[in-house]
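The structure under discussion appears below in the form of structure tokens.
It should be emphasised that the depicted structure is a prediction, and the values quoted were computed from it without experimental measurement. Note on naming: letters A, B, ... go to the chains in the order of the sequence lines (proteins, then strands), and numbering restarts at 1 for each one. All heavy atoms count here, side chains included; hydrogens, waters and symmetry mates do not.
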Amino acid sequence: MPELPEVEVVRSGLERHLRGSLIESVEVLDPRSLRRDPEGPERFAAALSGRVLADVARRGKYVWLILADPSAPASALAAGEVGERGVVVHLGMSGQALIKEPDAARERHLRIRMRLLTPDGAVRDLRFVDQRIFGGMFLDPLVPAADGAPGASLSALALPLLPASVSHIGRDPLDAHFDAAAFRRRLRRTSSGIKRVLLDQTVLSGIGNIYADESLWRARLHYAKPADSLTAAQADAILHASTEVMTEALAAGGTSFDALYINVNGESGYFERGLNVYGRAGKQCPRCAELPVPGVIVREPFMNRSSYRCPRCQRAPRGFRAG
DNA sequence: CTATGAACCTGCAAGC
DNA sequence: TGCTTGCAGGTTCATA
């Protein structure tokens, strides 16, 4: 469910609540949420209990909690002295990371609970709630970023590290070290449809089905247009559009269609009203609305899901056949 | 290497 | 009132 803006809303909320907090205990209520953890629930809980959280970082749709170095003094936190592992959190389609009072009612899909002691002495829960269990948590070693730049798109400590299992994920468009020239070169190397490329998290990360469609609408491009047929200007237009739409969505607290996507305090974002095509089949294209014959948004099957576009603004490439 | 498809899950809405 | 089908903000792995 969540794409970059929604995940960043969660990351910044976690950072605000978790930096410097002590993990007192960990309770794994459903081991399926630790499917990707190599050592299993008991060792996961044991490894985290008693540790302090130094930072919360993100690349694309992946978030990770960085553990403080247990042998370093508290003053080392600010200097970026951190432990060797991070706790990766991926929300999948329906995951939530919530900060709650410990006695708050148990959520229906609560999967993992961490009891925390905050630096100012409060006791809080970090709760991982996930209806569909496509997301999860796992412990992962931190490794140097390939380019030596900070491994995360955003975090307080600009560490040149990231979890090993996130290292294949490309930088996201909001990352200060995103390489636009490399992105243009990558597009020229493939004849895949542009939306397929935008959804490939190794090319650039953070874009999912909503923001792919919204970016393509803003750039007036059809999802099936071969990447290697795009001009440099069109490639830049996509990059500009995706950066713009995700920045706007982030400012609005993300996109929420229902109670599934919420921030760490349980609040919904309001960017749904900023969407121009996604989920709007049968409605007029906002850009065509003033024309004599306005375009009407269509929904088309694409990669076992849906694509939304305006047939007037986003013409099919030559020889394109739907389905 | 690229490109599909299936698998992993639960819940909700629409249609019969 | 059921029951069935389709659909949902994602990723990974297996098969052509």
**Q.** Nucleotide C:dC7, atom C1' - distance to CD of A:E300 in whole Å
**A.** 17 Å
Q: Please report, rounded to the nearest Å, how far the C1' atom of B:dT4 is from the CZ atom of A:F302.
A: 12 Å
(Q) Just to be sure I understand the rule, does A:Y211 reach a base, reach only the sugar-phosphate, or reach nothing, if contact means heavy atoms closer than 4.0 Å? (A) nothing
Q. Which is true for A:S306 with a 4.0 Å heavy-atom rule: it touches a base, it touches only sugar-phosphate, or it touches nothing?
A. sugar-phosphate
Q: Report yes if at least one side-chain N or O of A:R35 is closer than 4.0 Å to OP1 or OP2 of B:dC9; otherwise report no.
A: yes
(Q) Rounded to the nearest 0.5 Å, what separates atom CG in A:L116 from atom CG in A:D125? (A) 7.0 Å
**Q.** Proximal nucleotide (of B:dA6, C:dG10, B:dC9) relative to the A:R32 side chain
**A.** B:dC9
Q. Any donor and acceptor pair, going by atom type alone, linking the side chain of A:D140 with main-chain N or O of A:S165 inside 3.5 Å?
A. yes
Q: May I ask which nucleotide in the shown strands pairs with B:dC9, Watson-Crick or G-U wobble, both distances under 3.5 Å?
A: none
Q. For C:dC7, does OP1 or OP2 lie under 4.0 Å from any side-chain N or O of A:R299?
A. yes
Q) Under a 4.5 Å cut-off applied to non-hydrogen side-chain atoms, are A:R113 and A:L126 in contact? A) no
Q | Given DNA chain C, 5'-ward residue of the pair A:S165 and A:S256, judged by closest heavy atom | A | A:S256
(Q) Between C:dA8 and A:R132, counting only base atoms on the nucleotide and side-chain atoms on the residue, is there a donor-acceptor pair under 3.5 Å? (A) yes
Q: Report the nucleotide, chosen from B:dA3, C:dT11, C:dA8, that has the shortest atom-to-atom distance to any side-chain atom of A:M93.
A: C:dA8
Q: Choose from C:dG10, C:dA8, B:dA3 the nucleotide whose nearest atom is closest to any side-chain atom of A:S192.
A: B:dA3
Q) Nearest of C:dG10, C:dA8, C:dT12 to any side-chain atom of A:Y62? A) C:dT12
Q. Judged by atom type as modelled, is there a donor-acceptor pair below 3.5 Å linking the side chain of A:S205 to the main-chain atoms of A:G170?
A. yes
(Q) Rounding to an integer number of Å, can you tell me how far A:Y308 OH sits from C:dC7 P? (A) 9 Å
**Q.** Euclidean distance, atom NE2 of residue A:H90 to atom C1' of C:dT12 [Å, nearest integer]
**A.** 11 Å
Q: Could you please name the option among B:dC9, C:dG10, C:dA8 that lies closest to any side-chain atom of A:R305?
A: C:dG10
Q) Within the pair A:H109 and B:dT10, is there a side-chain N or O less than 4.0 Å away from OP1 or OP2? A) no
Q. How many Å lie between CD1 on A:I133 and P on B:dA7, as a whole number?
A. 18 Å
Q) Checking side chain to side chain contact (heavy atoms under 4.5 Å, CB included) for the pair A:I99/A:L14: CA distance, chi angles, key distance, verdict? A) CA-CA 8 Å; A:I99 301 293; A:L14 289 177; 4.1 Å; yes
Q: Could you check whether A:F134 and the base of B:dC8 form a stacked pair, meaning centres closer than 5.5 Å and planes differing by less than 30°?
A: yes
(Q) Would you measure the distance from the P atom in B:dG5 across to the matching atom in C:dC7 and give it in whole Å? (A) 14 Å
Q. Looking at the side chain of A:Q201, which of B:dC8, C:dT11, C:dC7 is the nearest nucleotide?
A. C:dT11
Q: Please determine, for the side chain of A:Q131, which listed nucleotide (B:dT10, C:dC7, B:dC9) has the closest atom?
A: B:dT10
**Q.** Inter-residue atom distance A:L199.CG - A:I207.CD1, 0.5 Å rounding
**A.** 8.0 Å
Q: Could you state the atom-to-atom distance from CG of A:N304 to P of C:dT11 in whole Å?
A: 15 Å
**Q.** Qualifying residue for ring pair (Phe, Tyr, Trp, His ring centres under 6.0 Å) with A:H90, from A:W64, A:Y62, A:F128
**A.** A:Y62
Q. Among the nucleotides C:dC7, B:dG11, C:dG10, which one has an atom lying closest to any side-chain atom of A:R108?
A. B:dG11
Q: Please measure how far the P atom in B:dA6 lies from the corresponding atom in C:dG6, and state the result in whole Å.
A: 13 Å
Q | Separation of atom CG in A:D258 from atom C1' in B:dG11, rounded to whole Å | A | 11 Å
Q) Atom CG of A:D130 to atom C1' of B:dT10: distance rounded to whole Å? A) 10 Å
(Q) Suppose you measure atom P in C:dT11 against the same atom in B:dG11; what distance do you get, rounded to whole Å? (A) 22 Å
